[in-house]
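Small disclaimer: the values here were computed from a predicted structure and weren't measured. Per chain, numbering begins at 1; letters A, B, ... match sequence-line order.
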There are 2 protein chains.
Amino acid sequence: MSSAVSIKDVAALAGVSIGTVSNVLNRPDVVADETRRKVLAAIEELGFVRNESARQLRTGTARAIGLVVPDVSNPFFTDVARGAEDAASDAGHMVILCNSDESEQRQDRHLQLLAEQRVHGVLITPVDAAPEPVRRLRDRGVSVVLLDRHADVADACSVSVDHRIGGTLAINHLLAEGHRELAMVTGPLSIAQCRQRLDGARDALVAAGRDPDGLRVVEVAAMNVASGRNAGERVLAGTRRPDALFCANDLLALGVLQVMVRAGVRVPGELAIVGYDDIDFAAAAAVPLTSVRQPSRSLGRRAAELVLGETNSPREHVHHHVVFPPELVVRESSRRFR
Amino acid sequence: MSSAVSIKDVAALAGVSIGTVSNVLNRPDVVADETRRKVLAAIEELGFVRNESARQLRTGTARAIGLVVPDVSNPFFTDVARGAEDAASDAGHMVILCNSDESEQRQDRHLQLLAEQRVHGVLITPVDAAPEPVRRLRDRGVSVVLLDRHADVADACSVSVDHRIGGTLAINHLLAEGHRELAMVTGPLSIAQCRQRLDGARDALVAAGRDPDGLRVVEVAAMNVASGRNAGERVLAGTRRPDALFCANDLLALGVLQVMVRAGVRVPGELAIVGYDDIDFAAAAAVPLTSVRQPSRSLGRRAAELVLGETNSPREHVHHHVVFPPELVVRESSRRFR
DNA sequence: GACGCGAATTGAAACGATTTAACGGGAGGC
DNA sequence: GCCTCCCGTTAAATCGTTTCAATTCGCGTC
């Protein structure tokens, strides 16, 4: 059972002390060539694998970071995860991925486990606005980077996108294309991102000299395709159908689109649609989707870099707040009908 | 710095020994009510968090499993991951997610790190058919479940879908709809899943009394949307365009579809398309995609259950080979043109 | 009143690595 | 030939838990 092989066995076989084996592993330069070769040979022969928990216990630092997101089945978050993994990988770290499913309870359970693992840091898109979980984590000595959420609280780094501007971009575009009767499909307004996108949308209306309350808001329970279909049906059922829809993310937009296509509503002829995130599938949709792009992979990468940087030099660390600008990608779904 | 709080501090504050604190943590029933309350109060007051590495070092077992997949941005694998996480979560375990990107080198690096972490087990869709990495892992004492790959080797569990039958289903359907000039778009044939789906496709042709070599094969370098577009362009450029296309996964199919729609080729009028995986976005595509469904979430869940089961009772463990049947989901993209 | 018993608690020995101060021995300077 | 110095190596302490044999204590039994 080679799993039982420890540094001690290697030392015995190589005829050196365990301290020397440790040096071969961690500071190969201080050990003589001859010795190093013997030790490496012994490691090879025994199939020795370093026990990371022992290392971690002694040094106090883990080689992993946690990533807590609401939902990995959302391609936006997989892209973020990829970015985070890229950066972590470069630093020889692993990523522990956790889904909170928008449940505070699940989130807290995950955070507890991550704290027990003594992870190097945590990247999190918190379930709700309350800075509570962040504070608890910091109290436990874990450094935290808020993902896709600008930290109002000053005690953590954050990497985010200016969603308010994103909302404004979307509405400005729809207005410019000549759409007048606008509505927004959004997930729970308890989610900060949704609120901000809505605020941005209203900003645009105000700037255009229109009544921000003229924007109808269709709020659904989740931010996935199924909820999008639900929203689509509600829009269909309503009186006075809007001629353009801004959806708080692409999954919602795809759901709405599906319902519209099925119901024979021409998009963008009778109804223009703008999504948010610009996931890969937006371009491949029934009608290629206009969307507000977030640099998701960079978001994840930057966040991971921040969290790794913070714990490496906690003394002189000052919290950064990185805000990426969103960008409108125009495709078929929002064109003016001619 | 509450991160420095150890069981010893708790013991001191509560006025008991560290053994008792450990008992409160792990076997609360053996300690007297009064004592338990004191200890819990001390834990609360100090903000004590158990150090998992120390626990792990002592007990030898980690509370995490590794999941190594080619690409999490493929929704099929996120679904698998969700299933695995569900099962792991139930057992109080975490999932460490790793992307191999179809690179054997990346895969091996991840496996090395997972072995060092002494993870409870590893779920893996190996980069290539070689059972080598699996063997290495087992040698290191880590139990392994092959995901989406039937183990020809008998030394590991496997959870998979019968891709050969999946390929047959797809082609039978296309033939039944009256398509005659068939082609298959596939990722690298070094990927076993691709080969099996192709074999199944040929089976169907033979069974229908047709020449299996009449099936044109378009092989591209990766299994994502971009490669699908590439395949689409090659199909367009070729002479004698097929009237039906079986794609080795939905991402390829979506890419092809995008190109066809843009080029004005009517789907399914001039070209029928069948995908594979039935990811959520298949139904929301430009033309709702007929696809061979895999029970992806169940796949992940079952695999996680197996790996947890194996290490919990390694003595009497016998390797299971779970094979789920695929299922054809018919939508617009493959209908016979009338 | 001695004894045994069970329940609750304690103390100490692991687990497998890293780290640091001490050590040995050969080279070089005087 | 002796003293230093330096390089490579070693021995031992340590990290924070779990676990198990040993201990204490109160109490009922004979």
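The side chain of B:Ser17 approaches C:dT10 more closely than any other nucleotide in the set C:dC15, D:dT10, C:dT10.
Distance, B:Asp33 CG to C:dA8 C1': 12 Å, rounded to whole Å. Spacing between atom CG of A:Asp29 and atom P of D:dT9 amounts to 12 Å, rounded to whole angstrom units. Rounding to whole angstrom units, CD of residue A:Gln117 and P of D:dT17 are separated by 14 Å. Summarising the geometry, the separation between CG on A:Asp9 and P on C:dC15 is reported as 11 Å, rounded to the nearest angstrom. If you take CD1 of A:Ile43 and P of C:dG16, they are 16 Å apart, rounded to a whole angstrom. Rounded to whole Å, atom C1' of D:dT18 lies 12 Å from atom CD of B:Glu52. B:Leu57 has its CG atom 9 Å from the C1' atom of D:dC15, to the nearest Å. Spacing between atom CZ of B:Arg63 and atom P of D:dT18 amounts to 9 Å, rounded to whole angstrom units.
Here the side chain of A:Glu305 pairs no donor or acceptor atom with the backbone of A:Ala87 at under 3.5 angstrom. Between the side chain of A:Arg118 and the main chain of A:Ala115, a donor-acceptor pair closer than 3.5 Å is present.
Note on the helix from C:dG1-D:dC30 to C:dC30-D:dG1: terminal axis deviation equals 60°, with five pairs used at each end and the result rounded to 10°.
In terms of heavy-atom proximity, B:Gln107 sits nearest to B:Thr125 at OE1-O, 4.4 Å. Closest heavy-atom contact between A:Ala62 and A:Val119: CB-CA, 4.0 Å. The minimum heavy-atom distance linking A:Ala304 with A:Ala84 is given by the pair CB-O, 3.7 Å.
Listed pair B:Thr20 / C:dT10 meets the phosphate criterion, a side-chain N or O lying under 4.0 Å from OP1 or OP2.
Taking 4.5 Å as the limit, some side-chain heavy atom of B:Met94 sits within range of a side-chain heavy atom of A:Leu114.
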Check: After noting the C-alpha distance and the side-chain angles of A:Ile191 and A:Glu102, does the key distance pass the side chain to side chain contact (heavy atoms under 4.5 Å, CB included) rule?
Finding: CA-CA 9 Å; A:Ile191 297 179; A:Glu102 297 285 359; 3.4 Å; yes
Item checked: Under 4.0 Å protein heavy-atom contacts per nucleotide of nucleotides 17-22 of chain C, with B for base, S for backbone only and - for none -> BBBB--
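Tested against B:Arg136 for a side chain to side chain contact (heavy atoms under 4.5 Å, CB included), the candidates B:Val144, B:Leu111, B:Asp108, B:Val142 yield a single pass: B:Asp108.
Using a cutoff of 4.0 Å between basic side-chain nitrogens and carboxylate oxygens, B:Asp79 and B:Arg82 are not scored as salt-bridged.
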